[in-house]
Amino acid sequence: MSDKTVQAMYDAALGFYGEQGIDVPAALDKLKSMPISMHCWQGDDVAGFEDAGSLDGGLVATGNYPGKARNGDELRADMDKVFSLVPGKHRINLHAIYAETDGKKVDRDELGVEHFQKWIDWGKERGIGFDFNPSYFSHPKAASGLTLTHPDEGIRNFWVEHGKACRKIGAGMGEALGTPCVTNVWIPDGSKDEVADRVGPRERLTKSLDAIFEEEIDKSLNLDSVESKLFGIGSECFVAGSHEYYMGYAVSRGKMVCLDTGHFHPTESIVDKISSVLGFIDEVLLHVSRGVRWDSDHVVTLTDDLKSIAREIVWNGFEKRTHIGLDFFDASINRISAWTVGIRSMQKALLAAMLEPKDAIRAAESDGDFSRRMAMMEDAKSAPFGAVWNQFCVENGVPADGEWFAEVQQYEKEVLSGR
């Protein structure tokens, strides 16, 4: 599609939205100010740089598409390629297993910000922020599927120290990059079959988390988050860190809750949870994936569920209180393409929400005219927001829809095929 065609379609869309009193340029300015945190683990199937062996903790990356990143330089190069295909300036979300230790064995309780210096230097050059995650999986001391709830105090303390180290790393990243790092705690702890004691593991988890968060860290450097899960592979019957548990913990301790779209029942949307959570805590973290039948972490696409999530954020003015990150790992397709589809889909959902006639729809609801409400919400689905999106891409110097995949194919031919 030529720039001239994009412009013509955009001009027509401006007329359409103008008749509804919607300020399109203001929507594009707002969209540009909303970074998406791109998760590093899509680029290498959650392998990391430890040579720790196969994934565990209920994590599975299916497929074996050629060309995955094998080291930090390749992973960063792949991320640069993605950034050239998505409009706006975004963030990077790192796991602790992506430390670069120059060949030295550094266990996870001994990690420091110096082991992420290459990442920080790269981020500084691009003017982007980072988020961070302790890695409570794929480690000999997590082989049982238990970490912060482990009955063995020695193992439990090892993971507590890992959590403390990661908060300091997050703060170091926040200070170096001039934007607070969101450090998110997720653990796999649970049971495949029925348990006799649900209280003990949760009491140990509370004690462990309190120890991790004991040191106060400036929120301008690091923001703490805790992430729940309904079930996982190998923890189908019991997960210590349930949504109810972490909701209570976050409210009582002043922490952020992470809502992962793949961590609830397949028919359960997190839309209701966003406004519910933000009624009691200051900020929320979203890990956006696409669960299919189980917590399968499919690539984010422009589904009705994603549009509803974006609408909940935008229509309620939650943009500044919501941190949006992606969380999927599909090894069956080109990984650059997966990242690009995910980020662009999330941005499209946000833009669509910004261009909907929110006030008119809510007025119909307030009047009790639910037929008019439904009609307007359905009509909004066929509005020409795609024309606005393509203009946004062109204005930000990235390919419009229908154009970007050719660059992925060229990158695969020139770079990925040689790995």
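- When each of F116, W119, W41 is tested with H95 by the rule ring-ring contact (aromatic ring centres under 6.0 Å, His included), just one qualifies, namely W41.
- D305 and T303 share no side-chain donor-acceptor pair at under 3.5 Å.
- Put simply, the side chain of C181 does not reach to within 4.5 Å of the side chain of I169, judged on heavy atoms.
- For the salt bridge (charged side-chain N to carboxylate O under 4.0 Å, His left out) test with E365, the passing option among R373, K358, R372 is R373; the others fail.
- Here F130 pairs with nothing under the ring-ring contact (aromatic ring centres under 6.0 Å, His included) rule; sequence neighbours left out.
- Within a 6.0 Å radius of CG in D218, other residues, nucleotides and ligands contribute more than 12 heavy atoms.
- Note that the CG atom of D297 and the CZ atom of R290 stand 11.0 Å from one another [nearest 0.5 Å].
- For the side chain to side chain contact (heavy atoms under 4.5 Å, CB included) with H263, the lone residue among D260, L259, T261 that qualifies is D260.
- Scored by the salt bridge (charged side-chain N to carboxylate O under 4.0 Å, His left out) test, E412 finds no partners at all (sequence neighbours excluded).
- Considering CD of E203 and OG of S208, their distance stands at 12.0 Å, rounded to 0.5 Å.
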query = Does the side chain to side chain contact (heavy atoms under 4.5 Å, CB included) test come out yes or no for K81 and E407, once each step is laid out?
reply = CA-CA 9 Å; K81 186 60 187 178; E407 292 199 24; 3.1 Å; yes
Donor-acceptor list for residues 8-17 side chains, cut-off 3.5 Å, not counting sequence neighbours:
residue : atom : partner : partner atom : Å
D11     : OD1  : Q7      : NE2          : 2.9
Y17     : OH   : F385    : N            : 3.0

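- No donor-acceptor pair closer than 3.5 Å links the side chain of D121 to the backbone N or O of E125.
- The environment of NZ in K168 is sparse: at most 12 heavy-atom neighbours from other residues, nucleotides or ligands sit within 6.0 Å.
- Taking CZ from R167 and CD1 from I217, the interatomic distance works out to 3.5 Å, rounded to the nearest 0.5 Å.
- When each of D327, N184, N133 is checked for a side chain to side chain donor-acceptor pair (under 3.5 Å) with N93, only N133 meets the rule.
- The heavy-atom pair separating G72 from F49 by the smallest distance is N-CZ, 3.3 Å.
- With sequence neighbours excluded, no residue forms a side chain to side chain donor-acceptor pair (under 3.5 Å) with K307.
- Partners of K124 by side-chain contact (heavy atoms from CB on, under 4.5 Å), not counting sequence neighbours, listed by chain and number: I120, A176, L177.
- Under the side-chain contact (heavy atoms from CB on, under 4.5 Å) criterion, K89 pairs with I128, not counting sequence neighbours.
- Between R204 and D189 no salt bridge is recorded (no basic side-chain N to carboxylate O distance below 4.0 Å).
- Put simply, the side chain of H150 does not reach to within 4.5 Å of the side chain of F158, judged on heavy atoms.
- Between Q347 and L351, the closest side-chain pair of non-hydrogen atoms is not below 4.5 Å.
- Pairs passing the side-chain hydrogen bond (donor to acceptor under 3.5 Å, both in side chains) check and including a residue from residues 278-287, sequence neighbours excluded, read E283-H323.
- There is no side-chain donor-acceptor pair under 3.5 Å between S135 and Y98.
- Residues in residues 246-258 take part in these side-chain hydrogen bond (donor to acceptor under 3.5 Å, both in side chains) pairs, two or more places apart or across chains: D210-Y249, D210-R253, D224-K255.
- Side-chain atoms of N334 and L416, non-hydrogen and from C-beta on, do get closer than 4.5 Å to each other.
- The shortest non-hydrogen separation linking K192 to C237 is O-SG, 3.2 Å.
- Partners of D73 by salt bridge (charged side-chain N to carboxylate O under 4.0 Å, His left out), not counting sequence neighbours, listed by chain and number: R76.
- Screening residues 160-184 for ring pair (Phe, Tyr, Trp, His ring centres under 6.0 Å), with sequence neighbours left out, gives Y136-H162, W159-H162.
- Between D23 and P25 there is a side-chain heavy-atom pair separated by less than 4.5 Å.
- When every heavy atom of G67 is checked against every heavy atom of R419, the shortest pair comes out as O-NH1, 2.9 Å.
- Considering only heavy atoms from C-beta on, T301 comes within 4.5 Å of V341 through its side chain.
- Applying the ring pair (Phe, Tyr, Trp, His ring centres under 6.0 Å) test to pairs two or more places apart or on separate chains, those with a residue in residues 217-244 are H243-F264.
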Open item on the list: Using side chain to side chain contact (heavy atoms under 4.5 Å, CB included), reason through W339 and L85 one step at a time and then give a plain yes or no.
Closed with: CA-CA 10 Å; W339 262 323; L85 300 174; over 6 Å; no
One pair to check against side chain to side chain contact (heavy atoms under 4.5 Å, CB included): D131 and L285. What are the steps and the verdict?
CA-CA 11 Å; D131 299 313; L285 171 64; 5.9 Å; no
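- Taking the side chain as every heavy atom from C-beta outward, V113 and E175 never approach each other to under 4.5 Å.
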message: Between R335 and D45, is the side chain to side chain contact (heavy atoms under 4.5 Å, CB included) condition met? List the steps.
response: CA-CA 9 Å; R335 296 167 184 83; D45 311 337; 2.9 Å; yes
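- Closest heavy-atom contact between L278 and T322: CD1-OG1, 4.2 Å.
- Closest of all the heavy-atom pairs between V288 and V300 is O-CG2, 3.2 Å.
- Remark: side-chain polar atoms of S417 are paired, donor with acceptor, to backbone N or O of K413 under 3.5 angstrom.
- For the salt bridge (charged side-chain N to carboxylate O under 4.0 Å, His left out) test, residues two or more places apart in sequence or in another chain that qualify with K30 are E319.
- Taken from NZ in K141 to CG in L146, the straight-line distance is 14.5 Å, to the nearest 0.5 Å.
- What you find for M376 and A360 is that their closest heavy atoms are CE-O, 3.3 Å.
- Here the straight-line distance linking atom CD1 of I22 with atom CD of E356 works out to 8.5 Å at 0.5 Å rounding.
- Expressed to the nearest 0.5 Å, how far OH of Y245 lies from CG of L205 amounts to 3.5 Å.
- No side-chain heavy atom of L286 sits less than 4.5 Å from a side-chain heavy atom of M346.
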